[in-house]
Amino acid sequence: MEVVVAKSAGFCFGVKRAVDQVYEQLKRNDKPIYTYGPIIHNEEVVKDLEEKGVKVIEGEEELKQIHDAVVVIRSHGAGKRVYDIMEENGIEIIDATCPYVRKIHKIAQEQNKEGRRLIIIGNDSHPEVEGIKGWGNDNTLVVETPEQVETLPLTEGERLCIVSQTTFNYKKFQDLVEKISETRYDILVLNTICNATQERQVEAKRIASEVDAMIVIGGKSSSNTQKLYEICRRECKNTYYIQTLGDLDPDCVNSVRSVGITAGASTPNHIIEEVHTNVRVKF
(Lines give C-alpha, C1' and ligand atoms only; values in the text may rest on other atoms or scores of the structure.)
Protein backbone atom coordinates (compact mmCIF):
# COMPACT_ATOMS: atom_id res chain seq x y z
CA MET A 1 0.00 0.00 0.00
CA GLU A 2 1.19 3.50 -0.84
CA VAL A 3 0.86 5.98 2.03
CA VAL A 4 1.23 9.71 1.35
CA VAL A 5 1.62 12.08 4.30
CA ALA A 6 1.07 15.79 3.71
CA LYS A 7 4.21 17.82 4.39
CA SER A 8 2.07 20.58 5.88
CA ALA A 9 0.29 18.27 8.34
CA GLY A 10 0.39 19.04 12.06
CA PHE A 11 1.36 21.90 14.34
CA CYS A 12 1.53 25.30 12.73
CA PHE A 13 3.96 27.94 13.99
CA GLY A 14 1.38 29.76 16.10
CA VAL A 15 0.05 26.67 17.87
CA LYS A 16 3.49 25.21 18.55
CA ARG A 17 4.64 28.55 19.96
CA ALA A 18 1.63 28.72 22.31
CA VAL A 19 2.03 25.16 23.58
CA ASP A 20 5.78 25.59 24.07
CA GLN A 21 5.21 28.72 26.14
CA VAL A 22 2.91 26.88 28.56
CA TYR A 23 5.47 24.12 29.10
CA GLU A 24 8.17 26.76 29.54
CA GLN A 25 6.15 28.46 32.27
CA LEU A 26 5.82 25.13 34.09
CA LYS A 27 9.61 24.96 34.23
CA ARG A 28 10.35 28.47 35.36
CA ASN A 29 7.34 29.85 37.26
CA ASP A 30 6.14 29.01 40.78
CA LYS A 31 2.84 30.88 40.45
CA PRO A 32 -0.40 29.10 39.53
CA ILE A 33 -0.56 28.75 35.74
CA TYR A 34 -3.72 29.10 33.68
CA THR A 35 -4.59 29.27 30.00
CA TYR A 36 -7.38 31.50 28.72
CA GLY A 37 -9.41 28.76 27.05
CA PRO A 38 -7.86 25.40 26.08
CA ILE A 39 -4.39 26.19 24.75
CA ILE A 40 -5.00 23.90 21.78
CA HIS A 41 -7.89 21.98 20.20
CA ASN A 42 -6.32 18.66 21.12
CA GLU A 43 -7.62 16.70 24.08
CA GLU A 44 -4.39 14.77 24.68
CA VAL A 45 -2.26 17.90 25.02
CA VAL A 46 -4.81 19.69 27.22
CA LYS A 47 -5.09 16.63 29.47
CA ASP A 48 -1.30 16.39 29.83
CA LEU A 49 -1.10 20.04 30.87
CA GLU A 50 -3.96 19.61 33.34
CA GLU A 51 -2.13 16.69 34.93
CA LYS A 52 0.87 18.99 35.35
CA GLY A 53 -1.28 21.56 37.15
CA VAL A 54 -2.29 23.95 34.36
CA LYS A 55 -5.92 25.05 34.68
CA VAL A 56 -8.21 26.32 31.93
CA ILE A 57 -10.15 29.58 32.34
CA GLU A 58 -13.39 29.44 30.39
CA GLY A 59 -14.48 33.09 30.42
CA GLU A 60 -14.20 36.63 31.75
CA GLU A 61 -16.23 36.01 34.92
CA GLU A 62 -13.92 33.18 35.93
CA LEU A 63 -10.91 35.32 35.03
CA LYS A 64 -12.06 38.07 37.39
CA GLN A 65 -11.65 35.70 40.36
CA ILE A 66 -7.95 35.08 39.70
CA HIS A 67 -5.07 37.04 41.25
CA ASP A 68 -1.29 36.63 41.55
CA ALA A 69 -1.09 34.05 38.79
CA VAL A 70 0.20 33.49 35.27
CA VAL A 71 -2.27 33.38 32.38
CA VAL A 72 -1.23 32.27 28.91
CA ILE A 73 -3.39 33.65 26.11
CA ARG A 74 -3.70 30.97 23.48
CA SER A 75 -2.86 31.39 19.81
CA HIS A 76 -6.52 32.25 19.03
CA GLY A 77 -6.02 35.50 20.92
CA ALA A 78 -8.55 37.31 23.11
CA GLY A 79 -10.49 40.55 23.17
CA LYS A 80 -9.18 43.78 24.70
CA ARG A 81 -11.46 43.40 27.73
CA VAL A 82 -9.60 40.18 28.70
CA TYR A 83 -6.29 42.06 28.79
CA ASP A 84 -7.88 44.85 30.84
CA ILE A 85 -9.17 42.40 33.46
CA MET A 86 -5.78 40.73 33.80
CA GLU A 87 -4.00 44.04 34.21
CA GLU A 88 -6.55 45.15 36.82
CA ASN A 89 -5.99 41.93 38.79
CA GLY A 90 -2.19 42.06 38.60
CA ILE A 91 -1.98 38.88 36.55
CA GLU A 92 1.24 38.08 34.68
CA ILE A 93 0.27 37.90 31.01
CA ILE A 94 2.03 35.50 28.64
CA ASP A 95 0.66 36.51 25.25
CA ALA A 96 0.89 33.58 22.85
CA THR A 97 -1.52 35.08 20.33
CA CYS A 98 -0.56 33.99 16.82
CA PRO A 99 1.14 36.90 14.99
CA TYR A 100 -1.35 36.49 12.11
CA VAL A 101 -4.25 36.88 14.56
CA ARG A 102 -2.60 39.82 16.33
CA LYS A 103 -2.36 41.53 12.94
CA ILE A 104 -6.15 41.28 12.56
CA HIS A 105 -6.61 42.82 16.02
CA LYS A 106 -4.57 45.82 14.88
CA ILE A 107 -6.55 46.05 11.65
CA ALA A 108 -9.80 46.10 13.65
CA GLN A 109 -8.57 48.98 15.80
CA GLU A 110 -7.19 50.96 12.88
CA GLN A 111 -10.24 50.55 10.65
CA ASN A 112 -12.56 51.57 13.47
CA LYS A 113 -10.61 54.81 13.77
CA GLU A 114 -10.85 55.26 10.00
CA GLY A 115 -14.62 54.99 10.25
CA ARG A 116 -14.99 51.69 8.43
CA ARG A 117 -17.34 49.01 9.67
CA LEU A 118 -15.57 45.68 10.23
CA ILE A 119 -16.99 42.49 8.70
CA ILE A 120 -15.31 39.26 9.80
CA ILE A 121 -15.75 36.26 7.52
CA GLY A 122 -15.70 33.26 9.82
CA ASN A 123 -17.48 31.28 12.51
CA ASP A 124 -19.11 33.65 14.99
CA SER A 125 -18.68 31.22 17.90
CA HIS A 126 -15.02 30.40 17.21
CA PRO A 127 -12.66 31.77 19.91
CA GLU A 128 -10.46 33.50 17.33
CA VAL A 129 -13.44 35.37 15.91
CA GLU A 130 -14.69 36.22 19.40
CA GLY A 131 -11.27 37.71 20.15
CA ILE A 132 -11.23 39.76 16.93
CA LYS A 133 -14.68 41.13 17.76
CA GLY A 134 -13.24 42.19 21.10
CA TRP A 135 -10.90 44.60 19.30
CA GLY A 136 -13.63 46.01 17.09
CA ASN A 137 -16.73 47.89 18.22
CA ASP A 138 -20.44 47.26 18.63
CA ASN A 139 -20.97 47.61 14.87
CA THR A 140 -18.67 44.69 13.98
CA LEU A 141 -20.40 41.97 11.94
CA VAL A 142 -19.61 38.29 11.36
CA VAL A 143 -20.73 36.33 8.30
CA GLU A 144 -20.13 32.71 7.34
CA THR A 145 -22.66 31.85 4.61
CA PRO A 146 -24.15 33.47 1.49
CA GLU A 147 -27.53 33.47 3.24
CA GLN A 148 -26.11 35.59 6.08
CA VAL A 149 -24.79 38.12 3.55
CA GLU A 150 -28.38 38.68 2.41
CA THR A 151 -29.38 39.82 5.90
CA LEU A 152 -26.41 42.03 6.80
CA PRO A 153 -27.74 45.23 8.42
CA LEU A 154 -25.82 47.66 6.23
CA THR A 155 -26.79 51.20 5.33
CA GLU A 156 -26.36 52.86 1.95
CA GLY A 157 -22.94 54.40 1.42
CA GLU A 158 -21.40 52.64 4.43
CA ARG A 159 -17.62 52.15 4.35
CA LEU A 160 -16.59 48.56 5.06
CA CYS A 161 -13.47 46.56 5.85
CA ILE A 162 -13.59 42.79 5.32
CA VAL A 163 -11.16 40.43 7.09
CA SER A 164 -11.16 36.66 7.56
CA GLN A 165 -10.73 34.14 10.32
CA THR A 166 -7.20 32.84 9.71
CA THR A 167 -8.35 29.24 9.20
CA PHE A 168 -11.30 29.97 6.90
CA ASN A 169 -11.61 28.18 3.56
CA TYR A 170 -10.00 30.43 0.94
CA LYS A 171 -12.49 29.60 -1.84
CA LYS A 172 -15.45 30.32 0.46
CA PHE A 173 -13.80 33.59 1.50
CA GLN A 174 -13.51 34.65 -2.15
CA ASP A 175 -17.14 33.73 -2.83
CA LEU A 176 -18.43 35.68 0.17
CA VAL A 177 -16.33 38.73 -0.66
CA GLU A 178 -17.73 38.67 -4.19
CA LYS A 179 -21.28 38.47 -2.88
CA ILE A 180 -20.77 41.34 -0.44
CA SER A 181 -19.14 43.37 -3.22
CA GLU A 182 -22.34 43.10 -5.26
CA THR A 183 -23.86 45.57 -2.81
CA ARG A 184 -21.50 48.25 -4.23
CA TYR A 185 -20.43 49.61 -0.90
CA ASP A 186 -17.03 51.26 -0.37
CA ILE A 187 -15.16 48.08 0.58
CA LEU A 188 -11.59 47.42 1.71
CA VAL A 189 -10.84 43.69 1.49
CA LEU A 190 -7.91 42.26 3.48
CA ASN A 191 -7.22 38.55 3.03
CA THR A 192 -6.09 37.57 6.52
CA ILE A 193 -6.20 33.80 6.00
CA CYS A 194 -2.93 32.32 7.28
CA ASN A 195 -0.53 31.26 4.52
CA ALA A 196 0.05 27.96 6.30
CA THR A 197 -3.70 27.32 6.30
CA GLN A 198 -3.95 27.95 2.56
CA GLU A 199 -0.97 25.69 1.87
CA ARG A 200 -2.40 22.92 4.06
CA GLN A 201 -5.77 23.10 2.30
CA VAL A 202 -4.26 23.12 -1.20
CA GLU A 203 -1.98 20.17 -0.42
CA ALA A 204 -4.80 18.20 1.22
CA LYS A 205 -7.03 18.73 -1.82
CA ARG A 206 -4.29 17.54 -4.18
CA ILE A 207 -3.49 14.41 -2.19
CA ALA A 208 -7.16 13.51 -1.69
CA SER A 209 -7.72 13.68 -5.45
CA GLU A 210 -4.92 11.16 -6.04
CA VAL A 211 -5.57 8.44 -3.42
CA ASP A 212 -8.21 5.77 -2.76
CA ALA A 213 -8.73 6.77 0.89
CA MET A 214 -7.91 9.87 2.92
CA ILE A 215 -7.36 10.19 6.68
CA VAL A 216 -7.74 13.59 8.33
CA ILE A 217 -6.40 13.77 11.89
CA GLY A 218 -7.42 16.40 14.43
CA GLY A 219 -9.63 17.37 17.34
CA LYS A 220 -13.37 17.40 16.74
CA SER A 221 -13.54 21.03 17.89
CA SER A 222 -10.73 22.13 15.58
CA SER A 223 -12.09 24.51 12.94
CA ASN A 224 -9.17 24.14 10.54
CA THR A 225 -9.33 20.32 10.75
CA GLN A 226 -13.06 20.34 10.00
CA LYS A 227 -12.38 22.44 6.91
CA LEU A 228 -9.64 20.02 5.82
CA TYR A 229 -12.13 17.17 6.13
CA GLU A 230 -14.71 19.04 4.02
CA ILE A 231 -12.12 19.74 1.31
CA CYS A 232 -10.84 16.16 1.24
CA ARG A 233 -14.35 14.68 1.30
CA ARG A 234 -15.22 16.54 -1.89
CA GLU A 235 -12.20 15.00 -3.63
CA CYS A 236 -12.29 11.52 -2.10
CA LYS A 237 -15.50 9.90 -0.85
CA ASN A 238 -13.47 7.54 1.36
CA THR A 239 -12.32 10.30 3.71
CA TYR A 240 -12.15 9.59 7.45
CA TYR A 241 -11.90 12.09 10.32
CA ILE A 242 -10.10 10.74 13.40
CA GLN A 243 -8.54 12.20 16.56
CA THR A 244 -6.15 9.32 17.30
CA LEU A 245 -5.22 5.94 15.85
CA GLY A 246 -7.83 4.33 18.08
CA ASP A 247 -10.60 6.04 16.08
CA LEU A 248 -9.53 4.43 12.80
CA ASP A 249 -11.60 1.48 11.63
CA PRO A 250 -9.15 -0.95 9.90
CA ASP A 251 -11.86 -1.99 7.44
CA CYS A 252 -11.79 1.51 6.00
CA VAL A 253 -8.29 1.22 4.60
CA ASN A 254 -7.29 -2.44 4.48
CA SER A 255 -8.49 -3.02 0.93
CA VAL A 256 -7.28 0.12 -0.85
CA ARG A 257 -4.11 0.67 -2.83
CA SER A 258 -3.26 4.17 -1.66
CA VAL A 259 -3.95 6.26 1.45
CA GLY A 260 -3.35 9.94 2.08
CA ILE A 261 -2.86 11.46 5.53
CA THR A 262 -3.17 15.06 6.60
CA ALA A 263 -3.74 16.74 9.96
CA GLY A 264 -4.94 19.99 11.44
CA ALA A 265 -2.78 22.66 13.01
CA SER A 266 -3.48 21.35 16.53
CA THR A 267 -2.36 17.77 15.91
CA PRO A 268 0.96 16.77 17.55
CA ASN A 269 3.52 15.06 15.32
CA HIS A 270 3.59 11.88 17.41
CA ILE A 271 -0.08 11.21 16.64
CA ILE A 272 0.52 11.69 12.89
CA GLU A 273 3.55 9.40 13.04
CA GLU A 274 1.62 6.74 14.95
CA VAL A 275 -1.17 6.70 12.37
CA HIS A 276 1.31 6.70 9.51
CA THR A 277 3.34 3.83 10.94
CA ASN A 278 0.34 1.64 11.69
CA VAL A 279 -1.33 2.21 8.33
CA ARG A 280 1.91 1.46 6.49
CA VAL A 281 2.84 -1.62 8.51
CA LYS A 282 -0.50 -3.23 9.35
CA PHE A 283 -2.64 -2.45 6.37
Side-chain angles (χ1 to χ4, degrees), residues 11-12 14-109 112 118 120 122-142 165-167 218-226 243 264-268:
F11 275 4
C12 68
V15 170
K16 183 178 185 304
R17 174 173 168 266
V19 172
D20 286 349
Q21 289 199 46
V22 181
Y23 281 106
E24 181 62 28
Q25 289 302 312
L26 283 170
K27 293 178 183 177
R28 61 182 293 271
N29 212 311
D30 294 329
K31 294 180 180 179
I33 299 173
Y34 299 83
T35 63
Y36 190 74
I39 194 67
I40 183 177
H41 283 150
N42 182 276
E43 294 177 4
E44 285 197 348
V45 174
V46 172
K47 183 179 179 181
D48 181 62
L49 289 170
E50 288 178 345
E51 290 173 350
K52 290 177 168 59
V54 178
K55 298 179 181 180
V56 178
I57 300 170
E58 296 294 353
E60 292 183 13
E61 291 306 313
E62 189 175 338
L63 180 63
K64 291 176 183 177
Q65 309 305 315
I66 295 170
H67 302 267
D68 193 29
V70 175
V71 175
V72 182
I73 296 179
R74 55 187 171 177
S75 60
H76 295 114
K80 186 178 184 302
R81 177 61 185 153
V82 171
Y83 289 83
D84 292 341
I85 292 171
M86 288 194 283
E87 290 176 0
E88 290 168 6
N89 287 8
I91 294 171
E92 182 179 345
I93 304 171
I94 306 299
D95 194 347
T97 302
C98 171
Y100 289 106
V101 177
R102 170 57 69 187
K103 179 181 178 181
I104 306 176
H105 294 173
K106 292 180 179 178
I107 290 171
Q109 288 182 296
N112 281 339
L118 188 70
I120 306 167
N123 184 333
D124 195 16
S125 62
H126 191 279
E128 179 190 317
V129 175
E130 291 176 347
I132 296 169
K133 286 192 294 184
W135 290 92
N137 58 31
D138 293 339
N139 290 326
T140 298
L141 300 171
V142 180
Q165 180 180 335
T166 58
T167 56
K220 294 300 181 181
S221 58
S222 168
S223 173
N224 72 88
T225 307
Q226 290 170 0
Q243 294 189 83
S266 298
T267 306

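A donor-acceptor pair under 3.5 Å links the side-chain atoms of Asn89 to the main chain of Ile66, judged by distance alone. A donor-acceptor pair under 3.5 Å links the side-chain atoms of Gln226 to the main chain of Lys220, judged by distance alone.
Once rounded to the nearest 0.5 Å, the distance linking CD of Glu24 with CD1 of Ile94 reads 9.5 Å. We find the OG1-CD1 distance between Thr97 and Ile104 to be 11.0 Å, quoted to the nearest 0.5 Å. Between the CG atom of Asn137 and the CG atom of Asn112 there is a distance of 4.0 Å, given to the nearest 0.5 Å. Rounding to the nearest 0.5 Å gives a distance of 7.5 Å between CD of Gln243 and OG of Ser221. Going from atom CG of Leu49 over to atom CG of Leu26 covers 6.5 Å, rounded to the nearest 0.5 Å.
Here the rule is side chain to side chain donor-acceptor pair (under 3.5 Å) with Lys133, and of Asp138, Thr140, Asp124 only Asp124 fits it. Tested against Ile40, the residues Val46, Thr267, Thr35 include a single side chain to side chain contact (heavy atoms under 4.5 Å, CB included) partner, Val46.
For Gln25, the side-chain hydrogen bond (donor to acceptor under 3.5 Å, both in side chains) partners at least two apart in sequence or on another chain are Asn29. Among residues two or more places apart in sequence or in another chain, the side-chain hydrogen bond (donor to acceptor under 3.5 Å, both in side chains) test is passed with Ser223 by Gln165, Lys227. Among residues two or more places apart in sequence or in another chain, the salt bridge (charged side-chain N to carboxylate O under 4.0 Å, His left out) test is passed with Lys80 by Asp84.
In this structure, Val142 and Asn123 approach most closely via the heavy-atom pair CG1-C, 4.3 Å. Looking at every heavy atom in both residues, Pro268 comes nearest to Val45 through CG-CG2, 3.7 Å. The two residues Tyr83 and Gly79 make their nearest non-hydrogen contact at CD1-O, 3.3 Å. The two atoms that bring Asn224 and Gly264 nearest to each other are OD1-CA, 3.2 Å, heavy atoms only.
Within 6.0 Å of CD on Glu43 lie no more than 12 heavy atoms contributed by other residues, nucleotides or ligands.
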Should Arg17 and Phe11 be marked as a side-chain contact (heavy atoms from CB on, under 4.5 Å) after you check the CA-CA gap, both sets of side-chain angles, and the distance that decides it? CA-CA 9 Å; Arg17 174 173 168 266; Phe11 275 4; over 6 Å; no
Stepwise side-chain contact (heavy atoms from CB on, under 4.5 Å) test for Leu118 and Trp135: CA-CA 10 Å; Leu118 188 70; Trp135 290 92; over 6 Å; no
Mind running side-chain contact (heavy atoms from CB on, under 4.5 Å) on Met86 and Ile73 for me, showing each step along the way?
CA-CA 11 Å; Met86 288 194 283; Ile73 296 179; 3.5 Å; yes
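Under the salt bridge (charged side-chain N to carboxylate O under 4.0 Å, His left out) criterion, the residue pairs touching residues 88-105 are Lys31-Glu92, Arg81-Glu88, Asp95-Arg102, with sequence neighbours excluded. Applying the side chain to side chain donor-acceptor pair (under 3.5 Å) test to pairs two or more places apart or on separate chains, none has a residue in residues 65-77.
With no hydrogens or angles considered, a side-chain donor-acceptor pair links Thr166 and Glu128 at under 3.5 Å.
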Residues 50-59, side-chain donor-acceptor partners within the protein, below 3.5 Å, at least two apart:
from  : atom 1 : to    : atom 2 : distance (Å)
Lys52 : NZ     : Asp48 : OD1    : 2.8
Lys52 : NZ     : Asp48 : OD2    : 3.1

